[in-house]
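No hydrogens, no waters, no symmetry mates; every other heavy atom, side chains included, goes into these values.
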Amino acid sequence: MKNSYEVIFENNRKWVESKVADNPHFFEDLAKTQNPEYLYIGCSDSRATAEELMGAKPGEVFVHRNIANIVNTLDMSSTAVIQYAVEHLKVKHIIVCGHYNCGGVKAAMTPQDLGLLNPWLRNIRDVYRLHQAELDSIDDESKRYDRLVELNVQEQCINVIKMACVQERYILDEYPIVHGWVFDLRTGKIIDLEIDFEEILKDIQKIYNLTSSDWVMSRKTK
């Protein structure tokens with residue numbers, strides 16, 4: 001255990017050397033103010049990082065991760081990240097990315113008392129409740145879980161769109177755009193769920209309009 005921990009620092013030393021060899025100013029540039037175009041909200045799963053999936057360089061993606069990529073407006077961590085990314089970093093895209101074979105999604109469907117995890121996983125159970133007819137019609141259990149992963153991403157995207165900071169920034173600048181992805185661990189591919197951001201915005205505006213102003217979605221059709 002001790003050796004496996006210590007090897008991290010050796011790997012870090014080698015990483016520093018390789019970066020400086022390629023670009024002597026790499027860390028000077030890295031220390032400058034970040035200007036990412038993307039906010040990535042993903043699962044805490046250890047098998048893939050946002051930058052790896054996207055082929056992105058340091059500073060190009062602002063990242064938030066938690067169990068099962070949940071966006072709960074009562075969670076100060078995720079909401080603070082979103083507000084900072086939208087208002088200060090002015091990201092142009094917000095990506096909610098789930099993945100198949102998600103342990104959090106499977107745990108949410110397990111009839112077991114999981115202690116402190118219960119209220120967190122209830123968010124996923126709520127997604128199942130909203131889409132129970134569709135999910136119960138899927139006989140294959142693995143395909144049902146895959147579909148729940150997709151629906152969970154969809155509902156978390158809607159939770160992002162409900163936020164006032166996202167609505168207000170979109171009215172002013174026509175961004176950020178919210179996207180829903182699923183990473184397929186079995187193939188390594190990213191699947192775009194093609195979330196219709198503008199249509200969702202239109203559908204929820206009467207209930208979740210937090211901007212105290214008229215919506216401007218109609219201007220896009222002129």
Side-chain angles (χ1 to χ4, degrees), residues 8 11-12 15-16 18-73 75-99 102 104 149-150 152-185 188-198 200-201 210-211 220:
I8 293 174
N11 291 340
N12 173 253
W15 176 72
V16 170
S18 68
K19 291 299 183 184
V20 172
D22 291 338
N23 177 7
H25 303 290
F26 177 82
F27 290 103
E28 293 175 28
D29 295 338
L30 192 65
K32 294 176 182 177
T33 302
Q34 61 179 330
N35 188 31
E37 289 196 8
Y38 305 94
L39 166 60
Y40 175 96
I41 302 170
C43 181
S44 296
D45 191 280
S46 63
R47 288 169 286 186
T49 66
E51 290 82 1
E52 284 181 314
L53 299 183
M54 300 169 68
K57 297 176 183 178
E60 292 182 342
V61 187
F62 196 56
V63 178
H64 176 76
R65 299 174 74 179
N66 60 42
I67 294 174
N69 42 275
I70 297 295
V71 178
N72 185 325
T73 53
D75 170 35
M76 289 296 293
S77 179
S78 61
T79 52
V81 166
I82 293 169
Q83 183 158 348
Y84 182 78
V86 169
E87 293 186 355
H88 299 279
L89 298 178
K90 293 181 169 51
V91 297
K92 292 182 170 57
H93 303 273
I94 300 176
I95 298 157
V96 179
C97 185
H99 65 92
C102 178
V149 166
E150 295 170 353
N152 181 50
V153 169
Q154 175 182 303
E155 292 299 329
Q156 305 317 316
C157 286
I158 292 172
N159 287 341
V160 173
I161 296 169
K162 290 175 185 176
M163 293 182 62
C165 62
V166 175
Q167 296 177 12
E168 290 167 354
R169 178 57 56 187
Y170 186 78
I171 286 176
L172 292 172
D173 299 322
E174 298 191 3
Y175 64 78
I177 307 298
V178 179
H179 309 271
W181 293 357
V182 173
F183 174 56
D184 191 343
L185 289 163
K189 294 181 179 179
I190 296 171
I191 299 166
D192 188 348
L193 298 180
E194 299 182 359
I195 299 296
D196 193 335
F197 171 69
E198 291 185 2
I200 292 172
L201 204 52
L210 306 178
T211 63
K220 291 181 172 295

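Among residues at least two apart or in separate chains, side chain to side chain donor-acceptor pair (under 3.5 Å) pairs with a member in residues 52-68 are Thr49-Glu52, His64-Asn66. Applying the salt bridge (charged side-chain N to carboxylate O under 4.0 Å, His left out) test to pairs two or more places apart or on separate chains, those with a residue in residues 24-43 are Asp29-Lys32.
Asp45 places a side-chain heavy atom less than 4.5 Å from the side chain of His99. Side-chain contact between Val91 and Tyr175 is absent, with no heavy atoms from C-beta onward closer than 4.5 Å. Using a 4.5 Å cut-off on side-chain heavy atoms (C-beta onward), Tyr84 and Leu89 make contact. Looking at heavy atoms from C-beta onward, Pro176 lies out of side-chain contact with Phe197 at the 4.5 angstrom threshold. Side-chain atoms of Cys165 and Ile82, non-hydrogen and from C-beta on, do get closer than 4.5 Å to each other. Looking at heavy atoms from C-beta onward, Met163 lies out of side-chain contact with Val86 at the 4.5 angstrom threshold.
Residues passing the side chain to side chain donor-acceptor pair (under 3.5 Å) test with Gln83 are Glu87, sequence neighbours excluded. Partners of His25 under the ring pair (Phe, Tyr, Trp, His ring centres under 6.0 Å) rule, at least two apart in sequence or in another chain, do not exist in this structure. Listed by chain and residue number, His93 satisfy the ring pair (Phe, Tyr, Trp, His ring centres under 6.0 Å) test with His179 (two or more places apart in sequence, or in another chain). The side-chain contact (heavy atoms from CB on, under 4.5 Å) test applied to Asn72 returns Ile70, Leu74, Asp75, Asn123, not counting sequence neighbours. With sequence neighbours excluded, the residues that form a salt bridge (Lys or Arg N to Asp or Glu O under 4.0 Å) with Glu150 are Arg147. In this structure, Thr79 has no side chain to side chain donor-acceptor pair (under 3.5 Å) partners at least two apart in sequence or on a different chain. Ala48 pairs by the side-chain contact (heavy atoms from CB on, under 4.5 Å) definition with Leu53, Phe183, not counting sequence neighbours. Among residues two or more places apart in sequence or in another chain, the side-chain contact (heavy atoms from CB on, under 4.5 Å) test is passed with Ile200 by Ile158, Ile161, Ile195, Ile204. The ring pair (Phe, Tyr, Trp, His ring centres under 6.0 Å) check on Phe27 picks up Trp15, with sequence neighbours excluded. Every residue two or more places apart in sequence or in another chain was checked for a salt bridge (Lys or Arg N to Asp or Glu O under 4.0 Å) with Asp196, and none qualifies.
The nearest pair of heavy atoms linking Val61 to Glu51 is O-OE2, 4.2 Å. In plain terms, the two heavy atoms of Ala85 and Leu39 that are nearest each other are CB-CD2, 3.8 Å. Here the closest non-hydrogen pair linking Cys102 and Cys43 is SG-SG, 4.1 Å. Between Cys157 and Gly180, the shortest heavy-atom contact is SG-CA, 3.6 Å.
For the atom pair NZ of Lys92 and CG of Asp173, the computed distance is 8.5 Å after rounding to the nearest 0.5 Å. One distance of note links CE of Met54 with OH of Tyr38; it measures 6.0 Å at 0.5 Å rounding. Note: Cys97 SG to Asp192 CG = 10.0 Å, rounded to the nearest 0.5 Å.
In this model, a donor atom of one side chain and an acceptor atom of the other lie less than 3.5 Å apart for Asn152 and Gln156.
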Practice prompt. Determine, stepwise, if the pair Arg47 / Leu185 fulfils side-chain contact (heavy atoms from CB on, under 4.5 Å).
Written response: CA-CA 8 Å; Arg47 288 169 286 186; Leu185 289 163; 3.5 Å; yes

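Screening Leu193, Ile41, Asn69, Ile190 for a side chain to side chain contact (heavy atoms under 4.5 Å, CB included) involving Trp181 leaves a single residue, Ile190.
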